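Scroll down for the structure; my scribbles are underneath it.
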Amino acid sequence: MRLHSLVLLGTLATLSTACSVAGHGHHVHENKEGEIHDETDATMADFDIVHARVTRDSNALVFHMHVSGKAGDTRPTARGTLASAEVFSYVWPTSLDSSVVGFEPDQGILAFAVTAHPDFDDTPLYDEDASGSKDDDGYLWHSHWVVLAPDDACGPGALKVKDIPEGESPRVPPTWPGLPILIDSPDIPVTMDAAAVAVRVPFADAYELKDVRFDAVTAGLQVNANVHAPLLCVRDVFDIASDDLSLPGHVQ
């Protein structure tokens, strides 16, 4: 399924899609209030969403996604270069404003993502694999905040991680990795246990967590072959929990 089959109507609240996913029939777990379920089948079981939820725990949100295969089992094939490097991801688009995590307000779709990409490291503050180097562990599954925005340069109606134009210095979080895109690289551990991906994400102010809506997506992104804006495009959608990116989930 190609992401440029998505029809963007200007804001997240009116975002809809013309894409469809073939197939039905995997087991749907007992519904829980606020949880979203996906009754369609994706090609790769480890990116085939069964259900997803985001729950509130004091001043934190716990992002959870259950897939039909082994979560995190497949990573991109290393190309040996940043140009055209691939990124695989588990993503929760949210209704949170971009300012909540330290970006300028109203920048686009704020999403929490768990990603892996063997060709580059975008967590320069941390040595996740304890190798003694902070720039060689992008292959490990790790967490990000990203701001998504439409850009037809990525394909008709497609999304990208929003670029920072040359010469501009917008407000960014303290753990921004220095890339010219709206991405944050906080040191937040990711748990992958059999078919589940889970991350507990703390916030400074619990008030910000009221009335949060969310969706769940598994997707492949790709660095531009020329390594310039748009730097990081969403190229393939493996699965969408809601089927229409309508943010049907709500935080409990």
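Everything quoted here is computed from the prediction, not taken from an experiment.
- Judged by distance alone, the side chains of Thr123 and His142 never bring a donor and an acceptor atom under 3.5 Å apart.
- Checked by atom type and distance alone, the side chain of Glu35 never pairs as donor or acceptor with a backbone atom of Arg53 at under 3.5 Å.
- For the residue pair Asp193 and Thr191, no side-chain donor N or O sits within less than 3.5 Å of a side-chain acceptor on the partner.
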Go through it in stages, so that I can follow the logic: the residues are Asp97 and Leu110, the test is side-chain contact (heavy atoms from CB on, under 4.5 Å), and I'd like the CA-CA distance, side-chain angles, deciding distance and then a yes or no. CA-CA 6 Å; Asp97 188 83; Leu110 183 65; over 6 Å; no
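- Under a 3.5 Å cut-off, the side chain of Asp119 and the backbone N or O of Arg79 do form a donor-acceptor pair.
- In summary, the side chains of His144 and Asp122 do present a donor paired with an acceptor at a separation below 3.5 Å, with no hydrogens or angles considered.
- No side-chain donor-acceptor contact under 3.5 Å links His228 and Asp163.
- Taking the six-membered ring for Trp and the full ring otherwise, the centers of Phe88 and Phe238 sit less than 6.0 Å from each other.
- Between the side chain of Ser185 and the backbone N or O of Trp176 there is no donor-acceptor pair closer than 3.5 Å.
- Note on Leu82: it clusters hydrophobically with Val146, by side-chain heavy-atom contacts below 4.5 Å among ILVMFWY residues.
- With rounding to the nearest 0.5 angstrom, the CD atom of Glu86 is 14.5 Å from the CZ atom of Arg75.
- The aromatic ring centres of Phe214 and Trp92 sit 6.0 Å or more apart.
- For Asp211, the CG atom counts as loosely surrounded, since its 6.0 Å shell holds 12 or fewer non-hydrogen atoms of other residues, nucleotides or ligands.
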Output, in order, the C-alpha distance, side-chain angles, deciding distance and verdict of side-chain contact (heavy atoms from CB on, under 4.5 Å) for Val199 and Val114. CA-CA 9 Å; Val199 191; Val114 171; 3.7 Å; yes
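- A donor-acceptor pair under 3.5 Å is absent between the side-chain atoms of Ser89 and the main chain of Val91, judged by distance alone.
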Trace of the side-chain contact (heavy atoms from CB on, under 4.5 Å) decision for Asp46 with Tyr90: CA-CA 10 Å; Asp46 46 334; Tyr90 299 87; 4.1 Å; yes
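- Between Phe203 and Trp145, the ring planes are perpendicular. Angles over 60° get that label, and only those under 30° would be called parallel.
- Put simply, Leu140 and Leu179 are part of two different groups of oily side chains (I, L, V, M, F, W, Y) that touch within less than 4.5 Å, one to the next.
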Checking Thr218 against Asp239 for the side-chain hydrogen bond (donor to acceptor under 3.5 Å, both in side chains) test, could you report, in this order, the C-alpha distance in whole Å, the side-chain angles of both residues, the deciding distance, and whether it holds? CA-CA 5 Å; Thr218 53; Asp239 204 1; 5.2 Å; no
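- Here Lys134 does not pair with Asp121 in a salt bridge; the nearest charged N to carboxylate O distance is not below 4.0 Å.
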Apply side-chain contact (heavy atoms from CB on, under 4.5 Å) to residues Val54 and Val62 and explain how you reach the verdict. CA-CA 5 Å; Val54 181; Val62 180; over 6 Å; no
